[in-house]
Amino acid sequence: MSEKKILEERSLILNRRNFLGKAALGVGGTALASLMGCSFFNKSEAGILTPANSISGSKGALSSLHHPAKIKRVIYLFQSGGPSQLELFDYKPLLNLRRGEDLPESIRNGQRLTGMTSGQDKFPLVGSQFDFKQYGKNGTWISDLLPYTAKMVDDLCFIKSMHTEAINHDPAVTFFQTGSQQPGRPSIGSWLSYGIGSENDNLPAFTVLLSRGSGRPQGQPLYTRLWGNGFLHSLHQGVQFRAAKDPVLYLNDPKGTTKDTKRAILDKLAALNEKQYEEFGDPEIQSRISQYEMAYRMQTSVPDVMNIDDEPDYIYKMYGSDAKIPGTYAANCLLARKLAEKDVRFIQLYHMGWDQHDNLPGAIEKQAKDVDQASAALVADLKQRGLLEDTLIVWGGEFGRTNYSQGILTADNYGRDHHPRSFTMWMAGGGIKPGISYGETDDFGYNIVKNPVHVHDFQATMMHLLGIDHKKLTYKYQGRRFRLTDVEGHVIKDILS
């Protein structure tokens with residue numbers, strides 16, 4: 001057969017295949033849209049199927065919320081490394097009374113240990129060197145390390161019975177952020193961007209801010225996949241804002257490029273990508289178009305939201321002196337408030353440095369000082385602006401720390417290993433009962449004795465507050481329907497207002 005004939009036959013096959021595939025998809029999609037009351041042509045309708053010329057990213061996959069939402073947005077203050085609940089929130093005087101005694105086997109009960117302490121002959125109990133006092137209407141115990149948080153306890157809900165399976169940092173952080181210990185799943189922010197979209201057309205639905213603490217400056221690293229989109233379209237990945245001249249990489253135009261020139265380039269690129277989409281039907285092509293357009297709009301919106309020079313002096317006093325230093329936790333908390341004002345859906349802060357295997361008393365004092373004032377200020381600032389009622393703030397790490405010392409216990413020094421069996425987080429904002437503590441650990445601070453809360457329970461509750469049934473927001477990939485909470489998770493109804 002001649003080359004010309006081969007090309008003709010191939011062309012016919014491709015045309016037949018494309019026609020049948022697109023016709024089936026088009027007719028089926030139209031029928032589905034009709035049944036669900038969605039429109040292909042009305043930008044104002046948040047249907048599953050949206051017009052190609054709509055502002056991409058503003059609509060989510062859900063045609064409507066599963067139930068009325070209590071909040072519009074989430075600010076997640078992730079404390080990477082595993083803060084010690086025993087030094088901060090979970091007051092256990094028995095550990096000081098029995099200081100130096102070996103952890104009873106009846107308490108440990110054969111729990112798996114990390115390689116850092118599994119070889120120890122003894123596990124000497126050690127209590128906090130810092131005092132605790134009771135605050136608020138319910139007499140919540142808070143460490144002297146957190147004087148600003150202590151003043152806010154009536155606005156906070158402490159969950160003292162968190163638990164997880166992962167015992168090492170990377171799988172534990174990945175589990176909290178994606179619902180799986182294995183890399184490759186979409187992060188929480190990506191799921192929300194996919195499911196309910198954005199309320200701001202000029203900023204990403206999912207933003208990320210990083211800071212490094214003074215407790216352990218060279219501690220555990222973080223990886224960009226923690227805010228990745230996994231198998232969802234790349235439109236839903238988190239966008240990292242940096243403390244640098246260019247807050248978002250590759251956003252600025254080369255020198256000499258005018259706004260009109262940039263607009264013309266984007267229009268040509270969009271036309272080329274649309275032709276490719278018509279040929280292949282790959283939705284990732286449309287994501288690429290959307291990302292170009294979002295970057296164009298962000299050239300104006302990002303410098304505005306990242307500029308904190310106009311903040312009044314009382315705001316800097318509220319957040320602390322570090323708020324004027326770009327890249328610090330305090331500065332990022334202030335930026336989180338500004339992003340919340342701009343209706344960014346999911347604002348993720350990561351603060352590193354909590355992994356204190358040794359020299360814990362000195363290290364945690366510095367680390368707590370990094371975050372205490374700014375975390376409390378963020379709650380107070382949102383509250384005074386009327387934003388706390390429709391915002392959820394979450395504070396916590398990937399696991400807790402052991403009640404025994406890692407390595408040698410001395411009169412004034414000790415460390416703590418990873419402890420996934422029980423630890424503390426706090427939440428504040430819309431839909432959450434303020435001023436309560438939920439869950440309880442034993443007198444050793446080792447095991448949960450009341451109201452355990454799993455990672456998937458926390459994720460399910462957060463989604464519930466956003467109007468999402470965690471079992472119903474799914475994405476089919478490689479023949480299986482995935483969701484953030486995998487096959488688990490229960491809404492913690494007792495902490496809901």
Side-chain angles (χ1 to χ4, degrees), residues 76-85 111-119 162-191 206-213 215-232 236-240 242 329 332 346 348-358 360 363-364 367 370-371 394-402 406-407 415-425 453-459 462 477 482-489:
Y76 194 169
L77 309 175
F78 192 85
Q79 310 301 317
S80 179
S84 173
Q85 74 283 6
Q111 188 209 356
R112 173 176 164 234
L113 305 177
T114 74
M116 290 169 283
T117 55
S118 60
M162 289 296 307
H163 65 101
T164 184
E165 288 97 45
I167 199 168
N168 290 310
H169 293 287
D170 188 64
V173 177
T174 304
F175 194 29
F176 256 102
Q177 300 300 302
T178 72
S180 171
Q181 294 186 44
Q182 301 299 320
R185 302 277 187 91
S187 61
I188 299 174
S190 295
W191 276 112
F206 176 18
T207 60
V208 179
L209 296 159
L210 274 68
S211 56
R212 188 172 289 280
R216 190 179 175 189
Q218 305 304 318
Q220 292 293 326
L222 294 171
Y223 306 99
T224 56
R225 60 173 171 76
L226 293 172
W227 50 93
N229 55 293
F231 44 68
L232 298 175
H236 304 300
Q237 66 184 341
V239 176
Q240 183 182 345
R242 307 180 311 139
Y329 180 82
N332 286 349
F346 193 82
Q348 176 82 67
L349 274 66
Y350 290 97
H351 188 61
M352 296 171 274
W354 290 98
D355 189 28
Q356 288 134 16
H357 290 273
D358 52 27
L360 184 142
I364 200 168
Q367 193 77 7
D370 288 342
V371 306
V394 178
W395 192 103
E398 67 268 36
F399 41 53
R401 314 302 294 197
T402 55
Q406 176 177 334
R416 297 192 191 274
D417 200 3
H418 310 162
H419 188 64
R421 189 172 283 190
S422 63
F423 55 103
T424 302
M425 296 176 66
V453 177
H454 187 262
V455 175
H456 287 315
D457 299 333
F458 153 71
Q459 293 163 340
M462 183 184 63
Y477 176 67
F482 288 85
R483 70 183 204 224
L484 174 63
T485 52
D486 201 34
V487 295
E488 300 177 274

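Since we're looking at a predicted model, the values are computed, not measured.
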Is a donor from one side chain sitting under 3.5 angstrom from an acceptor on the other, for R225 and T178?
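Side chains of R225 and T178: no pair found under 3.5 Å.
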Indicate whether any N or O donor in one side chain lies under 3.5 Å from an N or O acceptor in the other, for H419 and D417.
no
In terms of the angle between their ring planes, are Y350 and W227 parallel, tilted or perpendicular, with boundaries placed at 30° and 60°?
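The rings of Y350 and W227 sit tilted, inter-plane angle from 30° to 60°.
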Under 3.5 Å donor-acceptor, [X] side chain and [Y] backbone:
{"X": "Q79", "Y": "L77", "answer": "yes"}
{"X": "R401", "Y": "R416", "answer": "yes"}
{"X": "D486", "Y": "G179", "answer": "no"}
{"X": "T174", "Y": "P183", "answer": "no"}
{"X": "R483", "Y": "E488", "answer": "yes"}
{"X": "Q356", "Y": "G415", "answer": "no"}
{"X": "Q240", "Y": "L209", "answer": "no"}

Report the distance from atom [atom1] of [X] to atom [atom2] of [Y], rounding to the nearest 0.5 Å.
{"X": "N229", "Y": "H236", "atom1": "CG", "atom2": "NE2", "value": "8.0 Å"}
{"X": "L222", "Y": "Q177", "atom1": "CG", "atom2": "CD", "value": "9.0 Å"}
{"X": "E165", "Y": "Q181", "atom1": "CD", "atom2": "CD", "value": "6.0 Å"}
{"X": "Q111", "Y": "I167", "atom1": "CD", "atom2": "CD1", "value": "5.5 Å"}
{"X": "R185", "Y": "S187", "atom1": "CZ", "atom2": "OG", "value": "13.0 Å"}
{"X": "I188", "Y": "F78", "atom1": "CD1", "atom2": "CZ", "value": "9.0 Å"}

Are the side chains of [X] and [Y] in touch, meaning some heavy atoms are under 4.5 Å apart?
{"X": "E398", "Y": "H418", "result": "no"}
{"X": "Q348", "Y": "F206", "result": "yes"}
{"X": "Y329", "Y": "R212", "result": "no"}
{"X": "R112", "Y": "P420", "result": "no"}
{"X": "M352", "Y": "R216", "result": "no"}
{"X": "W191", "Y": "F346", "result": "no"}
{"X": "S80", "Y": "F176", "result": "no"}
{"X": "V173", "Y": "L226", "result": "yes"}

What are the two closest heavy atoms between [X] and [Y], and how far apart are they?
{"X": "N332", "Y": "L210", "result": "ND2-O, 3.0 Å"}
{"X": "H169", "Y": "G81", "result": "CE1-O, 3.1 Å"}
{"X": "P83", "Y": "G397", "result": "CD-CA, 3.8 Å"}
{"X": "P171", "Y": "A166", "result": "C-CB, 3.8 Å"}
{"X": "S211", "Y": "H351", "result": "OG-ND1, 2.7 Å"}

Kindly indicate, with the supporting measurements, whether the criterion side-chain contact (heavy atoms from CB on, under 4.5 Å) is fulfilled by I364 and W354.
CA-CA 7 Å; I364 200 168; W354 290 98; 3.8 Å; yes
For the aromatic rings, using the six-membered ring if either is Trp, is the centroid distance between F423 and F399 under 6.0 Å?
no
Aromatic ring proximity, centroids under 6.0 angstrom, H456 and F175:
yes
